[in-house]
Amino acid sequence: MSENIIGYIDEQGNIIDTQSAGDNCQATPIEYDNSEASLEIIRHSTAHLMAQAISELYPNAQFFVGPVVDEGFYYDFRVDEQIGENDLKAIEKKMKELIKKKYTIEKYEMSKTEALEKFAHDDLKQKVMERIEDDTLSVYKQGDFEDLCRGPHVPSLRFLHNFKLTRVAGAYLGGDEKAEMLTRIYGIAFADKESLKAHITMLEEAKKRDHRKLGAEMELFMFNEEAGAGLPFWMPKGAKLRYKLESILHKAHLMRGYEPVRGPEILKADLWRTSGHYACYGENMYLTTIDEQEYGIKPMNCLGHIQVFKQSPKSYRDLPLRYYEYGVVHRHEKSGVLHGLLRVREFTQDDAHIFCEPEQIASEVLEVVEFVDAVMKLFGFDYTMEVATKPEKAIGEDAVWEMATQGLKDALEGNNLPYTIDEGGGAFYGPKIDIKITDAIGRKWQCGTIQVDFNLPQRFEVEYVAEDNTRKQPVMIHRAILGSFERFIGILTEHYAGEFPLFLAPVQVIFVPISESHADYAYALKRRMRLEGIDAEVYDKNDSLNKRIRNAEKQRVPYVVIVGEEEVTHNTVAIRDRRNKEQYNLTQDEFMVKLTQQLQEGKI
RNA sequence: GCCCAUAUGGCUCAGGGGUAGAGCACUUCCUUGGUAAGGAAGAGGUCGUGAGUUCAAGUCUCACUAUGGGCUCCA
């Protein structure tokens, strides 16, 4: 057996560790490196090593499960002491001590009955075994530490060096909110030191573009303890950015035949009862009483649009009718899930409801998908689509659900658009296509959504007059493309690391006059910019030129423009490119043309 | 909501049972400089909120609020 082989992959793609394979294994060997299979073994063994260290430091610790996940590994366990981030160092240190003992990792098997007996004193192990169907269970042993485990593991602790424990967290036993909460420690491990270092650097880079940090630095948005959690404030620069995004999207909606509407923020609770929100979504709603009448603050915009639709009789000739609204909604999210702009309690959706005939579903859904694609391309986002099916808490008949779900799949399949299925992930009133985009550190966020709804039209008796003069029920398609301005701007900020394209940047140009005598020229330029709808600032504070240039650069604006004697004389500007730091001169007119042309990039 | 952690001037952070400190930012003055920090002076904080322990609490304890890392859920 080669020194560097830590396991094998059989023909089915299963990983077999050296303990299980024996000496004459014919399967493909797994070398000790950063391949997927190798990391799987290394990380799993590192999780066990961590458990061993924890059991030495906290002798009464009991262990649940310690799997490998996308970003490394974790172990769930129960312990009497409180473990905080500061304790991770001590655990790491103990792990390194254990490595020095060069334990081999041995495997032995026993029947489930024997195992149940062996771990009779350990209720967590009993719970683990409840979830296992096999009759034969394996135990891995290193030094005095042994643990029930399926493997695979490295042959010896000597293969483990490059790891880091990253965070400590609480996790419900088995992911069940009603179950006891265990302590979870996350860690990461690699085959070599460089990869570990690179990973840590990547995390630090991601931290630098965290939208919460940039949002504060760039004065885009803020939160306020006195106002309450999850309630964002938009500062002037953030509001400008948001307004630009709203305008781009507003035009895009009009071009696609949408009509703006607007509903009230609060509606009587009876309407929410009719819709089913009261029963299915009530725990997330803010309710209030006015003149002994119960009202609900809207968590969604559909009801308003339905009332507008119903205001006058509609003909099949009116369909499809596309109502859209930047709808402000309030949802009572649990305090622990709030996260910068990505998860808030008040947010504005770019919401639309398309009322159409059942035969129009596929073409309407497809048009929305194309709209989504145009928006995602504009910002350079990768995204995936997911068809979400009927959840446990749902209204409407199964047959209706099936028809709607199939409609969504047909629209995607008919146009060769790839998608995955999220079983049980639908809204309570219908199936949906979720559009998920990936942020700067690889987290996936749901943004856009397309939902087919046969239920609300029925509940509210929404009707149109068909060609044969009978009354029919339209289908409602709920859709959002950004999802919410809050979340989308949060993701955009991280995506661009704060360096927004010209058509979004809250400040598009900063003029830096070389000395006081050139300030007038700079202000004249600023006025000219404003007439063209371009946001510019003049940095003429009593600071050195270098410092003002530095401050301007730190603002992450698309253009920093220096003006001095030469520019004033020739009516030109000296532009610093923010990317390559080169500079070039243009006449005022050329610069204006360049800017207005570049603004066109924001059209969809 | 639950587990763990954190909370000191606008920002980043140091300090620590005897009554608060730095850098940046801010104000004023000098400096008018051609591409990432010129110099000087000044102002600014009941140390998140409320209780408790103590002769004495910003420092210790508890509760609450907010934030961060997770669990669960969602745009």
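Excluded from the calculations below are hydrogen atoms, water molecules and symmetry mates; all remaining heavy atoms, backbone and side chain alike, are included. Lettering follows sequence order; numbering is per chain, from 1.
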Colleague: Quantified in whole Å, what is the C1' atom distance between nucleotide B:rA43 and nucleotide B:rG50?
Modeller: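 Going atom to atom, C1' in each nucleotide, I get 31 Å.
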Colleague: Rounded to whole angstrom, note down the P distance from B:rC26 over to B:rC60.
Modeller: 34 Å
Colleague: Can you check the distance between B:rG58 and B:rG52, where both ends of the measurement are the P atom (answer in whole Å)?
Modeller: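 It comes out at 13 Å once rounded to the nearest Å.
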Colleague: How about A:His518 and A:Ser515: do any of their side-chain heavy atoms sit closer than 4.5 Å?
Modeller: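 Answer yes - side chains close enough.
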Colleague: List every contact pair, protein side and nucleotides 61-64 of chain B side both N or O, where the distance is under 3.5 Å.
Modeller:
none

Colleague: Using whole Å, report how far CZ of A:Arg479 lies from C1' of B:rA75.
Modeller: 13 Å
Colleague: Applying side-chain hydrogen bond (donor to acceptor under 3.5 Å, both in side chains) as the test, list every pair that has at least one member in residues 170-181 of chain A; sequence neighbours left out.
Modeller: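 Checked against side-chain hydrogen bond (donor to acceptor under 3.5 Å, both in side chains) - neighbours excluded - the pairs reaching residues 170-181 of chain A are A:Arg78-A:Glu180, A:Glu177-A:Lys334.
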Colleague: Does any non-hydrogen side-chain atom of A:Leu595 lie less than 4.5 Å from one of A:Gln508?
Modeller: no
Colleague: I need the NE2-C1' distance between A:His339 and B:rA75, as an integer number of Å.
Modeller: 14 Å
Colleague: Return no unless some side-chain N or O of A:His332 is found under 4.0 Å from OP1 or OP2 of B:rC73.
Modeller: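 Indeed not, no polar side-chain atom of A:His332 lies that close.
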Colleague: Could you work out, with salt bridge (Lys or Arg N to Asp or Glu O under 4.0 Å) as the rule, every residue matching A:Arg262, not counting sequence neighbours?
Modeller: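 In terms of salt bridge (Lys or Arg N to Asp or Glu O under 4.0 Å), with neighbours along the sequence ignored, A:Arg262 is linked to A:Glu265, A:Glu325.
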Colleague: With rounding to whole Å, what would you report as the distance between B:rA57 and B:rU49 at their C1' atoms?
Modeller: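 15 Å, rounded to whole Å.
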Colleague: In chain order, what residues pass the side-chain contact (heavy atoms from CB on, under 4.5 Å) check against A:Asn571, with sequence neighbours excluded?
Modeller: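 Partners of A:Asn571 by the side-chain contact (heavy atoms from CB on, under 4.5 Å) criterion, ordered by chain and then number, come out as A:Tyr521, A:Gln588.
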Colleague: Taking 4.0 Å as the cut-off, does a side-chain nitrogen or oxygen of A:Tyr186 come that near to OP1 or OP2 on B:rC71?
Modeller: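 Result: yes.
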Colleague: Checking A:Arg184 against A:Tyr74: charged group under 6.0 Å from the ring centre and within 45 degrees of the axis?
Modeller: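 Yes, cation above the ring, under 6.0 Å and within 45°.
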Colleague: Using a distance-only criterion (donor-acceptor N/O pair, under 3.5 Å, no hydrogens), is the base of B:rC74 paired with the side chain of A:Arg345?
Modeller: no
Colleague: Are more than 12 heavy atoms from other residues, nucleotides or ligands located less than 6.0 Å from atom NZ of A:Lys164?
Modeller: no
Colleague: Once you round it to whole Å, what is the distance between C1' of B:rU67 and CZ of A:Phe221?
Modeller: 13 Å
Colleague: Suppose we screen for side-chain hydrogen bond (donor to acceptor under 3.5 Å, both in side chains). Which residues come up paired with A:Tyr286, at least two apart in sequence or across chains?
Modeller: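 In terms of side-chain hydrogen bond (donor to acceptor under 3.5 Å, both in side chains), with neighbours along the sequence ignored, A:Tyr286 is linked to no residue.
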Colleague: Using the ring pair (Phe, Tyr, Trp, His ring centres under 6.0 Å) definition, which of the options A:Tyr326, A:Trp234, A:Phe347 pairs with A:Phe485?
Modeller: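 Checked A:Tyr326, A:Trp234, A:Phe347 against A:Phe485; only one passes ring pair (Phe, Tyr, Trp, His ring centres under 6.0 Å): A:Tyr326.
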Colleague: With rounding to whole Å, what would you report as the distance between B:rG15 and B:rG23 at their C1' atoms?
Modeller: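 Taking atom C1' in both B:rG15 and B:rG23, they lie 15 Å apart.
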Colleague: Taking the side chain of A:Arg212 as its heavy atoms from C-beta onward, which of B:rC74, B:rG69, B:rU72 lies nearest to it?
Modeller: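 The nucleotide sitting nearest to the side chain is B:rG69.
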Colleague: Treat primed atoms plus P, OP1 and OP2 as sugar-phosphate and everything else as base, then score nucleotides 2-12 of chain B 5' to 3': B for base contact with protein heavy atoms under 4.0 Å, S for sugar-phosphate contact only, - for none.
Modeller: BBSS-------
Colleague: When you compare B:rA51 with B:rC13, how far apart are their P atoms, in angstrom units rounded to a whole number?
Modeller: 30 Å
Colleague: Which residue pairs satisfy the salt bridge (Lys or Arg N to Asp or Glu O under 4.0 Å) criterion with at least one member in residues 554-571 of chain A, sequence neighbours excluded?
Modeller: A:Glu217-A:Arg556
Colleague: Considering only the P atoms, how many Å lie between B:rG45 and B:rG9, rounded to the nearest integer?
Modeller: 11 Å
Colleague: Determine whether the aromatic ring centres of A:Phe379 and A:Phe488 lie less than 6.0 Å apart.
Modeller: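 When the ring centroids of A:Phe379 and A:Phe488 are compared, they turn out to be within the sub-6.0 Å range.
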Colleague: Nearest whole angstrom, please: distance from the P of B:rU67 to the CE of A:Met222.
Modeller: 12 Å
Colleague: May I ask you to evaluate whether A:Gln446 reaches the phosphate of B:rA75, defined as a side-chain N or O under 4.0 Å from OP1 or OP2?
Modeller: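 It does, given that an N or O in the side chain of A:Gln446 lies less than 4.0 Å from OP1 or OP2 of B:rA75.
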Colleague: List for me each residue that meets side-chain hydrogen bond (donor to acceptor under 3.5 Å, both in side chains) alongside A:Arg550, sequence neighbours excluded, and say none if there are none.
Modeller: none
Colleague: Excluding sequence neighbours, so at least two apart, what forms side-chain hydrogen bond (donor to acceptor under 3.5 Å, both in side chains) with A:Lys237?
Modeller: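 So A:Lys237 forms no side-chain hydrogen bond (donor to acceptor under 3.5 Å, both in side chains) with any residue.
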Colleague: Taking only Watson-Crick and G-U wobble pairs with both distances under 3.5 Å, what dot-bracket line describes RNA chain B, where [ ] shows pairs that cross earlier ones and | shows pairs with another strand?
Modeller: ((((((((.[[[[.)..(..]]]].(((((.......))))).....[[[[[..)....]]]]])))))))....
Colleague: For A:Tyr58 and A:Asp80, run side-chain hydrogen bond (donor to acceptor under 3.5 Å, both in side chains): C-alpha distance rounded to whole Å, both residues' side-chain angles, the deciding distance at 0.1 Å, then the answer.
Modeller: CA-CA 8 Å; A:Tyr58 307 92; A:Asp80 296 335; over 6 Å; no
Colleague: In chain order, what residues pass the side-chain hydrogen bond (donor to acceptor under 3.5 Å, both in side chains) check against A:Ser275, with sequence neighbours excluded?
Modeller: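 Applying side-chain hydrogen bond (donor to acceptor under 3.5 Å, both in side chains) to A:Ser275 gives A:His277.
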Colleague: Any chance you could list the contact pattern along nucleotides 33-46 of chain B? Use B for base contacts, S for sugar-phosphate-only contacts and - for none, protein heavy atoms under 4.0 Å, 5' to 3'.
Modeller: BBBBBB--------
